Novice: 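Provided herewith is a single structure, encoded as structure tokens, for subsequent inquiry.
Only a predicted model underlies this, so the values are computations on that prediction, with no experimental measurement involved. Just so it is clear, the values below take in all heavy atoms, side chains as well, and ignore hydrogens, waters and symmetry mates. Starting from 1, each residue takes its place in the sequence as its number.
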Amino acid sequence: MYCGHCGWKNTDDAKFCASCGNPLRQSGTGQAAAQIAVQTQPGQVTAPGGSPASAPDSVRPAASPSSIEPNVTVPDATTPNTTAAATRRSKAIIAAIVAAVFVVAAGVAAGLTYHAELWGGKTLPDIAAASANAGKQSGKAKAAVTADSVVARLKAKGITSAKRQEFSGAEKGAFLGYGNAKAGQRVRSGSSVVVRESAGPGVPSNVEHAKAGTAVATLKTMGVPVHTKQIAVSSSSKLASGTVIATYPLAGQEVTDATTGIYVGVAAKTDGKTPAIPYDAIGTDIASVKDTLAKAGVNVTAKPHFSSKKNVGKLVSSSPAPGTVLSSGESVTLYYGVGADKVQEATVGQSNAPYFYASELNDTVTGTYCKSAVTDVAKDCITLAQDENGSVYRVTAKDTGTSSDEHSNDILTMCFPFADGNAGDIGTCSYGGSQLPAGEGGMAKRLIAKQWGAFDFGELGGSPSCGTAMFSPYDEGCNASKQVVQDSHDMSGATFDMHDFYVFFASGANLDAIEKSGYFDDSALAAAKNGSKPDTSRPFILARDASQYDTTSVPYNKAPVPSGQTLVQDPFVPGVGEFSASVKFKPAPTDANAYYLVESGQPDWQSLPDCDANGKVSEAAAQEQGFWRQVKGKYIFSVGAGAWSTIMTVNADGSFSADYHDSDLGVTGDGYPNGSRSIASGTGKFTYTKRNNDGSFSMTCDQKAFHQNGTVGDVTIKDGVRVETVDGIYGLTPCNTFTVYPTGYATSALSDDVKSWMYGVIGNPFPSTLAGPLIVNDNGTFAFIYDQN
């Protein structure tokens with residue numbers, strides 16, 4: 001049957017139109033009623049079984065069962081054919097309805113597919129909210145979310161992302177948020193979302209020159225201690241007071257010691273009258289700085305230090321460090337820059353001996369050296385420091401101070417004596433001079449003798465090992481990793497092991513000559529051609545890479561004897577006798593593996609006074625810092641005979657280390673034919689108390705910080721000597737109150753008891769004034785004399 005509403009042809013038994021859904025009318029006999037739509041007048045349509053209310057009978061068409069067949073529309077021959085027009089209008093209505101339905105359906109489909117993220121980009125998940133919910137469910141305040149897990153989650157959603165590391169108080173790898181979008185934001189397909197990842201605590205690169213208050217607020221979010229220190233700048237400096245001019249760690253580097261934390265140097269302009277080493281004097285003419293300080297009554301010494309080409313002849317560092325306010329009469333060392341042409345003068349000096357002698361390094365090389373790209377400070381930077389004995393060592397994470405006991409295995413030297421002879425250092429560590437023409441001497445083939453602006457150095461002095469300990473084969477032998485008496489001449493268990501080794505290149509070094517000399521391995525040189533050349537206008541260090549060698553340990557009895565020699569030499573020292581093929585240096589220099597000197601003029605943070613965010617220092621704090629600068633150094637308590645002594649080193653922050661020994665060669669026994677020795681050592685911290693009326697100072701030993709090393713009563717035998725740890729560090733314990741007499745103090749004002757302890761070290765003639773500070777233990781009047789050496 002046909003629908004009277006839209007004209008759609010339906011099945012005979014249909015109750016509703018399949019097109020428009022209107023109900024269909026059935027005939028009483030079951031036969032479909034005629035579905036006729038006839039237009040009688042414009043705008044009037046009669047439905048089947050009815051007529052328009054306004055239609056007169058005279059115009060109503062006659063109909064009879066015989067003239068109308070079911071399901072057939074028959075036009076009236078006596079009236080216009082309006083059925084076709086009606087049909088066309090019906091179809092137009094149908095089309096409009098269908099189109100509307102499609103539009104609605106399309107809109108619904110579009111909305112559903114948009115929310116399903118099938119088009120129109122992706123929505124960034126709210127990781128923080130999800131983490132909080134996860135934390136509540138797990139019973140934790142906050143669930144840990146890593147940046148890597150967020151990257152993986154975004155990838156699963158089809159979102160491209162890239163990590164960006166930032167310093168923060170969160171643990172390394174933690175997710176900090178999005179960098180270029182917000183959680184819940186829709187991002188377009190093809191765009192990349194920045195995932196912020198915590199790099200742990202550190203100093204952001206934009207901290208320097210910022211207002212100290214703002215910078216400190218940022219640094220305090222790192223979750224480590226933050227110390228503000230006053231750094232003096234000249235009155236004419238362009239650096240504004242209250243701004244950050246230096247940090248430790250350096251800007252852009254991570255914190256390696258969470259206990260020490262971060263130091264912030266705040267600029268404070270000098271008044272032009274108080275003597276100081278202005279921080280901004282770095283890079284200026286050394287002569288002008290020296291002259292200004294000398295006129296202010298400061299004792300000045302000038303020494304060379306390797307520097308970049310641009311800083312040759314200029315101030316590069318000082319002791320006390322740049323930025324320090326001084327006192328009249330204080331002593332200062334100024335370091336001026338030197339390059340390749342001054343390598344021998346700076347490292348070896350002009351010795352009065354008839355030959356040049358290269359041994360331990362000196363302060364010309366101290367400082368921090370880093371690669372061009374620093375991602376891990378521990379791996380990408382090398383720091384060289386000088387201890388209280390003047391020895392240079394590589395600073396490692398285990399170092400806790402400047403005592404040589406704490407880094408004895410890290411001392412650096414250019415000299416590697418013969419291992420089994422009594423030729424000593426002179427025979428193996430000398431070259432050139434009036435008695436040693438060029439090409440002669442134990443170091444004649446080492447880099448230092450070549451005048452190329454470079455020299456090499458390393459750790460542990462070239463001695464062999466027995467097991468895990470190094471030893472002297474001149475005194476002892478080695479069997480099955482145990483040291484034995486040398487009389488047996490048993491060296492079956494001894495080995496030479498490859499230790500850390502370095503090459504130093506001063507600015508302007510002749511890199512081509514060194515590469516052509518055969519010093520570097522050929523394969524290393526070939527590999528270096530793929531990289532960029534190092535910047536030779538800056539001093540840099542190259543570290544030997546043991547992983548590039550097939551052999552890193554050689555039995556003592558298999559070690560080669562250098563050409564022209566009869567004594568065994570460490571086979572892992574390049575250039576001894578000849579450039580041995582087994583130890584040619586790897587890698588060859590490139591910009592990527594060079595550790596460049598960081599010419600930051602890093603302050604001596606411990607010696608600087610604490611200040612507020614504006615760089616202001618209290619008078620008491622300034623006086624205390626000046627006191628520690630004068631007191632720091634090495635002190636000796638002894639009678640001068642040499643059998644016993646206590647050596648104490650005081651640092652710029654009041655911390656100290658002390659080492660006592662007393663030897664008696666006459667007390668021998670089974671297993672210790674070379675005598676006996678009593679030892680005691682420890683560490684602690686002094687606290688500044690006050691300045692006394694007589695010009696001396698008082699300080700107190702912090703009982704909580706004082707600690708004696710080892711266990712009292714422990715006995716060991718070493719090198720045929722019985723060594724016992726005794727109770728108390730002679731002269732230092734009991735560690736309570738002390739009096740400090742400053743440099744220049746009149747010795748006539750000292751008590752006879754104090755002077756009696758001084759005679760053994762100072763001798764005659766007894767000076768009228770102190771040449772250095774004097775520390776006296778009030779309990780016993782034990783006197784510690786400042787070591788001028």
Novice: Are any side-chain N or O atoms of Thr260 and backbone N or O atoms of Asp257, one a donor and one an acceptor, separated by less than 3.5 Å?
Specialist: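 Side chain of Thr260 to backbone of Asp257, a donor-acceptor pair under 3.5 Å: no, none is there.
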Novice: Report the C-alpha separation of Ile541 and Leu384 in whole Å, then their side-chain angles, then the decisive distance to 0.1 Å, and conclude whether the side-chain contact (heavy atoms from CB on, under 4.5 Å) test is met.
Specialist: CA-CA 11 Å; Ile541 292 175; Leu384 305 183; 3.9 Å; yes
Novice: Below 4.0 angstrom, N of the basic side chain to O of the carboxylate: do Glu599 and Lys310 qualify?
Specialist: no
Novice: Classify the ring geometry between Phe306 and Phe504 as parallel (under 30°), tilted (30 to 60°) or perpendicular (over 60°).
Specialist: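 Geometry flag for Phe504 against Phe306: tilted rings.
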Novice: Distance from Leu608 atom CG to Trp605 atom CH2, nearest 0.5 Å?
Specialist: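 These two atoms lie 7.0 Å from each other.
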Novice: Hydrogens and angles aside, do Arg538 and Ser507 bring a side-chain donor and acceptor to less than 3.5 Å of each other?
Specialist: no
Novice: How many angstroms lie between OG1 in Thr368 and CG in Leu250, if you round to the nearest 0.5 Å?
Specialist: 7.0 Å
Novice: Please check this pair: side chain of Gln386 against backbone of Gly390, looking for a donor-acceptor N/O pair closer than 3.5 Å.
Specialist: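 Side chain of Gln386 to backbone of Gly390: a pair is present.
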Novice: Going by distance alone, is a donor N or O of one side chain under 3.5 Å from an acceptor N or O of the other, for Thr590 and Asn593?
Specialist: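 Looking only at side-chain atoms, Asn593 and Thr590 do form a donor-acceptor pair, the distance falling under 3.5 Å.
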Novice: Which heavy atom in Gly477 sits nearest to a heavy atom in Met491, and how many Å separate them?
Specialist: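 Closest approach of Gly477 to Met491: CA-SD, 3.7 Å.
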Novice: Relative to each other, are the rings of Tyr263 and Tyr248 parallel, tilted or perpendicular (30° and 60° limits)?
Specialist: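 Ring orientation of Tyr263 relative to Tyr248: tilted.
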Novice: Taking only Lys NZ, Arg NE, NH1 and NH2, and the carboxylate oxygens of Asp or Glu, determine whether Lys632 and Asp604 approach each other closer than 4.0 Å.
Specialist: yes
Novice: Determine whether more than 12 heavy atoms belonging to other residues, nucleotides or ligands lie under 6.0 Å from atom NZ of Lys371.
Specialist: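 Enclosed.
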Novice: Look at Lys303 together with Asp363 and state whether they make a salt bridge at an N to O cut-off of under 4.0 Å.
Specialist: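 Yes.
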Novice: Please report the closest heavy-atom contact between Ala528 and Pro589, naming both atoms and the distance.
Specialist: CB-O, 4.0 Å
Novice: How long is the gap from CD1 on Ile286 to OH on Tyr336, to the nearest 0.5 Å?
Specialist: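 Separation between the atoms: 8.5 Å.
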Novice: I'd like to know whether Val723 forms a side-chain contact (heavy atoms from CB on, under 4.5 Å) with Ile717, so could you lay out the CA-CA distance, the side-chain angles of the two residues, the decisive distance to 0.1 Å, and finally the verdict.
Specialist: CA-CA 6 Å; Val723 182; Ile717 296 179; over 6 Å; no
Novice: I need the minimum non-hydrogen distance between Ser492 and Asn479, along with the two atoms involved.
Specialist: OG-ND2, 3.4 Å
Novice: Do Thr375 and Asp380 pair up side chain to side chain, a donor and an acceptor below 3.5 Å, judged on atom types alone?
Specialist: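 There is such a pair (donor and acceptor under 3.5 Å, judged by atom type) between the side chains of Thr375 and Asp380.
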Novice: Take Ser553 and Thr551 through the side-chain contact (heavy atoms from CB on, under 4.5 Å) test and state the conclusion after the steps.
Specialist: CA-CA 6 Å; Ser553 182; Thr551 302; 5.8 Å; no
Novice: Are the aromatic ring centres of Tyr502 and Tyr595 under 6.0 angstrom apart?
Specialist: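 Here the rings of Tyr595 and Tyr502 have centres that are no less than 6.0 Å from each other.
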Novice: Take atom OH in Tyr672; do more than 12 heavy atoms of anything else shown fall under 6.0 Å from it?
Specialist: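 Enclosed: over 12 neighbouring heavy atoms sit under 6.0 Å from OH of Tyr672.
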Novice: Of all heavy-atom pairs between Ile411 and Ser391, which one has the smallest distance, and what is that distance?
Specialist: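 Closest approach of Ile411 to Ser391, heavy atoms only: CD1-CB, 3.7 Å.
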Novice: Between atom CD1 of Ile282 and atom CG of Asn311, what is the distance when rounded to the nearest 0.5 Å?
Specialist: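 One gets 9.0 Å once the value is rounded to the nearest 0.5 Å.
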Novice: Can you check side-chain hydrogen bond (donor to acceptor under 3.5 Å, both in side chains) on Glu360 and Tyr393, steps first, answer last?
Specialist: CA-CA 10 Å; Glu360 290 188 351; Tyr393 63 100; over 6 Å; no
Novice: Please confirm whether the backbone N or O of His499 pairs with a side-chain atom of Arg544, one donor and one acceptor, at under 3.5 Å?
Specialist: yes
Novice: Strictly distance-based, threshold 3.5 Å: is any side-chain N or O of Ser318 a donor or acceptor partner for the main-chain N or O of Pro320?
Specialist: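 Confirmed, Ser318 side chain pairs with Pro320 backbone.
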Novice: Hey, what do you get for OG (Ser308) to CZ (Phe540), rounding to the nearest 0.5 Å?
Specialist: 13.5 Å
Novice: State whether the side chain of Asp653 and the backbone N or O of Ser655 hold a donor-acceptor pair below 3.5 Å, judged by distance alone.
Specialist: yes
Novice: Please test Asp591 against Tyr596 for side-chain hydrogen bond (donor to acceptor under 3.5 Å, both in side chains), starting from the C-alpha separation and ending with a verdict.
Specialist: CA-CA 9 Å; Asp591 180 68; Tyr596 295 102; 2.7 Å; yes
Novice: Keeping the roles fixed (side chain from His305, backbone from Thr366), state whether a donor-acceptor pair exists under 3.5 Å.
Specialist: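 It does hold such a pair.
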Novice: Show your working on side-chain contact (heavy atoms from CB on, under 4.5 Å) between Val343 and Gln451 and close with a plain yes or no.
Specialist: CA-CA 8 Å; Val343 164; Gln451 304 298 316; over 6 Å; no
Novice: Identify which one of Val316, Thr301, Val300 satisfies the side chain to side chain contact (heavy atoms under 4.5 Å, CB included) criterion when paired with Leu334.
Specialist: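 Passing option: Val300.
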Novice: Look at Arg446 together with Asp456 and state whether they make a salt bridge at an N to O cut-off of under 4.0 Å.
Specialist: yes
Novice: What's the shortest heavy-atom distance between Tyr635 and Phe784, and which atoms?
Specialist: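 Scanning both residues completely, I find the closest heavy atoms to be CD2-O, 3.5 Å.
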Novice: Do the two ring centres, one from Tyr556 and one from Phe496, sit under 6.0 Å apart?
Specialist: yes
Novice: Measuring from Tyr431:OH to Tyr355:OH, what's the distance to the nearest 0.5 Å?
Specialist: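 Result: 13.0 Å between the selected atoms.
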Novice: Counting only N and O atoms by type, is there a donor-acceptor contact under 3.5 Å from the side chain of Thr247 to the main-chain atoms of Pro249?
Specialist: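 Yes, Thr247 side chain to Pro249 backbone: donor-acceptor pair under 3.5 Å.
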Novice: Tell me whether the NZ or CZ atom of Lys634 lies within the 45° cone about the ring axis of Tyr786 and under 6.0 Å from its centre.
Specialist: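 Pair Lys634/Tyr786 does not count as cation-pi.
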Novice: Quick check, are the ring centers of Trp452 and Tyr519 under 6.0 angstrom apart?
Specialist: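 That pair fails the under 6.0 Å test.
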Novice: Do side-chain atoms of Tyr660 reach the backbone of Trp644 as a donor and acceptor pair under 3.5 angstrom?
Specialist: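 Checked: no pair found.
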